[in-house]
Protein chains: 2
Amino acid sequence: MPGKPKKTTIKDIAEMAGVSPATVSRVLSNPSVVSRPRQEAVRRAIKDLSYRPSPIARGLSTGRLPCLHVLISDIRNPFYAEMARGVEDVARNNGYAVVFGNTDDSPERELQYLAHTNELRFAGVIMMSAVGKVDLKKALRELNRPIVLANRLVPGMEADAVILNNERGAYRATKYLIDLGHRKICHLAGLRYSSASAERQRGFVRAVKEAGLDIPQGGVFSGDLRVESGETIGRRLVKEGLKCTAIFAANDLMAIGLISAFESEGIGVPEDVSVIGFDDIGYASLPRVQLTTVKQPSYEMGRAALKMLLERVRGESSAFRTIRFEPELVERGTCGVPRS
Amino acid sequence: MPGKPKKTTIKDIAEMAGVSPATVSRVLSNPSVVSRPRQEAVRRAIKDLSYRPSPIARGLSTGRLPCLHVLISDIRNPFYAEMARGVEDVARNNGYAVVFGNTDDSPERELQYLAHTNELRFAGVIMMSAVGKVDLKKALRELNRPIVLANRLVPGMEADAVILNNERGAYRATKYLIDLGHRKICHLAGLRYSSASAERQRGFVRAVKEAGLDIPQGGVFSGDLRVESGETIGRRLVKEGLKCTAIFAANDLMAIGLISAFESEGIGVPEDVSVIGFDDIGYASLPRVQLTTVKQPSYEMGRAALKMLLERVRGESSAFRTIRFEPELVERGTCGVPRS
DNA sequence: TTGTAGGCGTTATCAC
DNA sequence: GTGATAACGCCTACAA
């Protein structure tokens, strides 16, 4: 094969600039230790040959690839898609590739992905779907790489984190229903092992208690955060005879499922029952949906998570930080005063 | 540092099995050339030390990392999220990591990502958001790696592809409106440079022509496939006085935008105007939305695309193939007979 | 069938 | 400051 292009390497640059490969490498990573004239010679050579160092060779040598691993529950959930987009936007602008993994909230899958993180030497991890299991904390620790927990925390684990003040958001949602006059309020909770879901449930309980109300007997259900589980529970609720006038769902997807079930059973929202969600995904604002909900700035949270991760990856060490975003109640059309 | 773990390498295996590193490498990649007894000795050693070859070292040597690059327009579009999920599911089950890139349909960004593909030596590319530009074809060719075009084709480019029969889907959608009695039908087209959008427009035109109808003066608009552009055009249409009784939108997102605009302007759907979309994203089926549309099996298309890519990556060479999925009309509630 | 040795492109550790 | 030189962990002629 005669015309094999042969990528230009650090040696070509060294030769052209009349220095050693080591010096070229220094110009690239630690310029301050190289004398001015050689620095310039090297830079010119780099430009002339439009040289780009090989990330893989670098990776072999340093043990780090310019790739970030992002673990989410399911990219089809608009809330995650939005965060994912925030993440990717800043990663791209910083020269990092983003590898996504859908866990479906399975701890096994989580571990499986982390093994991959390690093998491929990805530079860091954003864990958005942490399912609090003992071994997860251990696995994350042993990974020995920068990690940012986003959206969900891992109980008992110190780490950088980007989360919403879920408790407060849930409290407000519930308080809103109470102020509307509701006395019997149910809660469709999320995953048992999700810290976000747990916090939302706590916020719900606090609001109810503070108002001196009781949670209806068996009034807290748990779903899996998908539309279908909202539908299932909604139908069950109707069948059993609605024992509440309002429901706070742990996320919009389930709220939408609830509404679907109710309306197909002839129960009007908000005439017969009020429904409030959480997240404020894009569809919540459609005229036909008009879901009252608690907004989280998901895109911004994704960006913030990646920025934190980058700082760590770049070696800026300091104490762990937690960035906590504030929720915002968005009044729309699925809540009203209770039927007298 | 005394207790440095020191990953186990191919040498450790060689030593433990009493063979050379080369032999270990062979059992891993081309076992048939190694004698039975040594093969077993090596495998046992691998198991005992739970050895896993380093993808990076391999990558440096072979020029290929076990990562696949998937280029999409925007992960927040549920249609893409669905395909992305299909892709990731089969990639994961085959030991490949998936790197996603959002192009926002920008040719520059497309090229930028492909440069990354090359630098990081990703094993293959799935291009779902091809914006037909001359240099894209060239860039893809020069990439010198397996490529699968999904969702959109690149004009004049031979390659493996997974697409929907867009022309037929659009034809059916339009025919459906015509059969309902509509005579003045508009089309909200998609991206000018998307082959999928172009095909849909052709299908629309064919149906109208075949029925001996005329397309209303200025009755074909073009949007960018996002909800907002549906809203914008919807409002403009109303302002200018609706000159049609039905509209076929190139995708569901824009259809939803149209409906939002119409309803907020007091125009009923389907009473005053019928709207049909394309894709059948999850939200189309919600009771409150009930969007009539053309379904594409997006998840399956994602899977199919990745399977094709894997075949190529694994070196199974053969002629280029195109897998063409068939669309399916889904009648729901946004189309009706025209107002007399 | 098996082993030796060079190469993949950088970084890092030494001396100088 | 700078330049050899050895890793980094695997693959692959080439030779035996």
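Lettering follows sequence order; numbering is per chain, from 1.
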Aromatic plane relationship, His116(B) with His69(B) - under 30° parallel, 30 to 60° tilted, over 60° perpendicular:
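Geometry flag for His116(B) against His69(B): perpendicular rings.
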
Closest-nucleotide 5' rank along DNA chain C - winner of Arg26(B) and Thr9(A)
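That would be Arg26(B).
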
So, are [X] and [Y] salt-bridged, with charged N and O less than 4.0 Å apart?
| X | Y | result |
| --- | --- | --- |
| Arg152(A) | Asp105(A) | yes |
| Arg44(B) | Asp48(B) | no |
| Arg303(A) | Asp89(A) | no |
| Glu40(A) | Lys47(A) | no |

Do Arg121(B) side-chain and dG9(C) base share a donor-acceptor contact under 3.5 Å?
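Absent.
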
Establish whether the base of dG9(D) is bridged to the side chain of Arg52(B) by a donor-acceptor pair shorter than 3.5 Å.
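Result: no qualifying N/O pair found.
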
Nearest whole Å is fine: how far is [N] [atom2] from [X] [atom1]?
| X | N | atom1 | atom2 | result |
| --- | --- | --- | --- | --- |
| Asn30(A) | dT13(C) | CG | C1' | 15 Å |
| Leu60(B) | dT12(D) | CG | P | 12 Å |
| Leu65(A) | dG9(C) | CG | P | 16 Å |
| Glu15(A) | dA4(D) | CD | P | 12 Å |
| Ile10(B) | dA7(D) | CD1 | C1' | 16 Å |
| Ile56(A) | dG9(D) | CD1 | P | 15 Å |
| Arg58(B) | dC8(D) | CZ | C1' | 16 Å |
| Lys11(B) | dA5(C) | NZ | P | 12 Å |

Selection from [options] that lies nearest to any side-chain heavy atom of [X]:
| X | options | value |
| --- | --- | --- |
| Ala22(B) | dG3(C), dG1(D), dC10(D) | dG3(C) |
| Pro53(A) | dA12(C), dT10(C), dC10(D) | dT10(C) |
| Val34(B) | dT11(C), dT2(C), dG3(C) | dT2(C) |

Counting only side-chain N and O atoms of [X], is one of them less than 4.0 Å from OP1 or OP2 of [N]?
| X | N | value |
| --- | --- | --- |
| Arg38(B) | dG3(C) | yes |
| Ser20(A) | dG3(D) | yes |
| Ser54(B) | dC8(D) | no |
| Thr62(A) | dA12(C) | no |

How do Val24(B) and Thr23(A) order along DNA chain D: which one's closest nucleotide is nearer the 5' end?
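Upstream on the strand: Thr23(A).
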
